[in-house]
**Student:** 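My questions will all concern the structure given below.
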Amino acid sequence: MSGLSVRNVTKKVGNKAILKDVSLEVGDGEIMAILGPSGAGKSTLLRIINMLDRPDSGRVLLDGRDIWSGNRLEMQRSMAMVFQKPVAFSWNVYDNVAYGLRLRGVDKAEIDSRIKEALALLDMTGKERQYARSLSGGEAQRLAFARAFVLRPKLLLLDEPTANLDPANVAIMERAIKDINQKYRTTVVLVTHSIYQARRLSTMAAFMMNGEVVESGKDLIGNPSDPRTRMFINGELVY
Ligand SMILES: Nc1ncnc2c1ncn2[C@@H]1O[C@H](COP(=O)(O)OP(=O)(O)OP(=O)(O)O)[C@@H](O)[C@H]1O
């Protein structure tokens, strides 16, 4: 079975249940938006999918393979994650983007071509030699995207990647997410607070609350079945 499958995942920190029997299916090439109020467990779920954290019980499968079985490095390399706050090495833009590719032993010509493509996609052509720490906040986040894109991951995990950005930067990122999804059939899981962003980008969505998936599917945004989801989508859920 291809795509991402989260099955009955639970996670506790101390006595507190952060994820309670969470299950989700994300088909190959879909863009899944994960919506929900603050503290719902969205970031924790993303960290578990990205192998930064292990569930207490349950499993995560990518293309039918348990992410913790087999070669871990290979599995980790089939995913890439972008966080809300960009992190950059104190090198220039080119070296920042090239980093993951060099680790993977990709040859120079291929690195050049992928970086060119990624920087063009993110409106950063010509910034190759600029010192990464001197970039604006929006540019730094675009750099973080470029670094994830060049890896051509099977699964791209985005944790509120546009939360701190102005509309122009949001538009560039959203266009880039769509582009990589269409061009490489990258499966995307996008945690977002913005129902508008979910509408613009996602092909399916899940609504989480209090560590649980309330509902998920292709009709969630247009036709939610649970009253809590409906309230959240209509901006009526006070949290
Ligand atoms: N390491 C930890 N120790 C204690 N509590 C934690 C830890 N990690 C997460 N939590 C708690 O688990 C709950 C879920 O956190 P999480 O960050 O996954 O939620 P979220 O839906 O991503 O929220 P937000 O939208 O605010 O980022 C929160 O109540 C948080 O305080």
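All ligand and atom numbering here is 1-based and tracks the order in the structure. No hydrogens, no waters, no symmetry mates; every other heavy atom, side chains included, goes into these values.
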**Student:** Please list the nearest protein heavy atom to atom 26 (O) of ligand 1 with its residue and the distance rounded to 0.1 Å.
**Tutor:**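 In this structure, atom 26 (O) of ligand 1 has Ser38 OG, 2.5 Å as its nearest protein heavy atom.
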**Student:** Quick one: look up the protein heavy atom nearest atom 4 (C) of ligand 1 and list residue, atom name and how far away it is.
**Tutor:**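 Of every protein heavy atom, Val13 CG1, 3.4 Å lies nearest to atom 4 (C) of ligand 1.
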**Student:** According to the interplanar angle, ranging from 0 to 90°, do the rings of Phe145 and Phe149 count as parallel (below 30°), tilted (30 to 60°) or perpendicular (above 60°)?
**Tutor:**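 Phe145 vs Phe149 ring planes: perpendicular.
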**Student:** Is Asp159 paired with Lys42 through a side-chain N to carboxylate O contact shorter than 4.0 Å?
**Tutor:**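 No, this pair does not count.
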**Student:** Among Arg114, Lys108, Lys116, whose salt bridge (Lys or Arg N to Asp or Glu O under 4.0 Å) with Asp112 holds?
**Tutor:**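 Considering Arg114, Lys108, Lys116, a salt bridge (Lys or Arg N to Asp or Glu O under 4.0 Å) with Asp112 is found only for Lys108.
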**Student:** Enumerate the atoms of ligand 1 whose separation from the nearest heavy atom of Ala40 is less than 4.0 angstrom.
**Tutor:**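 What qualifies from ligand 1 is 19 (O), 20 (P), 21 (O).
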**Student:** Select the closest option to atom 21 (O) of ligand 1 among Lys42, Arg47, Lys12, judged by heavy-atom distance.
**Tutor:**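 Selected option, by shortest heavy-atom distance: Lys42.
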**Student:** Within a radius of less than 6.0 Å around NZ of Lys12, do more than 12 heavy atoms belonging to other residues, nucleotides or ligands occur?
**Tutor:**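 Incorrect, the count does not exceed 12.
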**Student:** Please state which protein non-hydrogen atom is closest to atom 19 (O) of ligand 1 and give its distance, to 0.1 Å?
**Tutor:**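 Of the protein heavy atoms, Gly41 N, 3.2 Å lies nearest.
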**Student:** Does atom CZ of Phe83 have more than 12 heavy-atom neighbours, drawn from other residues, nucleotides or ligands, at distances under 6.0 Å?
**Tutor:**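 Buried by this count: over 12 neighbours within 6.0 Å.
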**Student:** In the protein, what heavy atom is nearest to atom 17 (O) of ligand 1, and what distance, to one decimal place, separates them?
**Tutor:**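 Nearest neighbour among protein heavy atoms for atom 17 (O) of ligand 1, to 0.1 Å: Ser43 CB, 3.7 Å.
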**Student:** For atom 23 (O) of ligand 1, what is the closest protein heavy atom, and at what distance to 0.1 Å?
**Tutor:**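 Here the nearest protein heavy atom works out to Gly39 N, 2.8 Å.
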**Student:** Which is it for Thr44 and ligand 1 at heavy atoms under 4.0 Å: side chain, backbone, both or neither?
**Tutor:**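 Looking at Thr44 and ligand 1, atoms from backbone and side chain both fall under 4.0 Å.
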**Student:** What about the rings of Trp91 and Tyr131, do their centers lie closer together than 6.0 Å?
**Tutor:**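 Not close enough - the centres of the two rings lie 6.0 Å or further apart.
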**Student:** Starting from atom 8 (N) of ligand 1, locate the nearest protein heavy atom and write down its residue, its atom name and how far away it is, to 0.1 Å.
**Tutor:**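 In this structure, atom 8 (N) of ligand 1 has Ile18 CD1, 4.1 Å as its nearest protein heavy atom.
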**Student:** Taking the non-hydrogen atoms of His193, is any one of them nearer than 4.0 angstrom to ligand 1?
**Tutor:**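 Right, His193 reaches ligand 1.
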**Student:** Assess whether a salt bridge exists between Arg185 and Asp28, defined as any Lys/Arg side-chain N lying under 4.0 Å from an Asp/Glu carboxylate O.
**Tutor:**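 Between Asp28 and Arg185 there is a salt bridge, with a charged N closer than 4.0 Å to a carboxylate O.
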**Student:** Using a 4.0 Å cut-off to any heavy atom of Glu160, which atoms of ligand 1 qualify?
**Tutor:**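 Selected atoms, number and element: 25 (O), 27 (O).
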**Student:** Please work out, at 4.0 Å between heavy atoms, whether the side chain, the backbone, both, or neither of Met208 comes within that distance of ligand 1.
**Tutor:**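 The answer is neither; Met208 stays 4.0 Å or more away.
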**Student:** When you look at Thr162 and Gln197, which way does the side-chain hydrogen bond (donor to acceptor under 3.5 Å, both in side chains) test go after all the steps?
**Tutor:** CA-CA 9 Å; Thr162 63; Gln197 179 166 69; 2.9 Å; yes
**Student:** Please write down residue, atom name and distance for the protein heavy atom closest to atom 29 (O) of ligand 1.
**Tutor:**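 Answer for atom 29 (O) of ligand 1: Lys16 NZ, 2.6 Å.
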**Student:** Mind checking whether Met208 and Val214 have side chains closer than 4.5 Å, heavy atoms only?
**Tutor:**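 No; the side chains remain at least 4.5 Å from each other.
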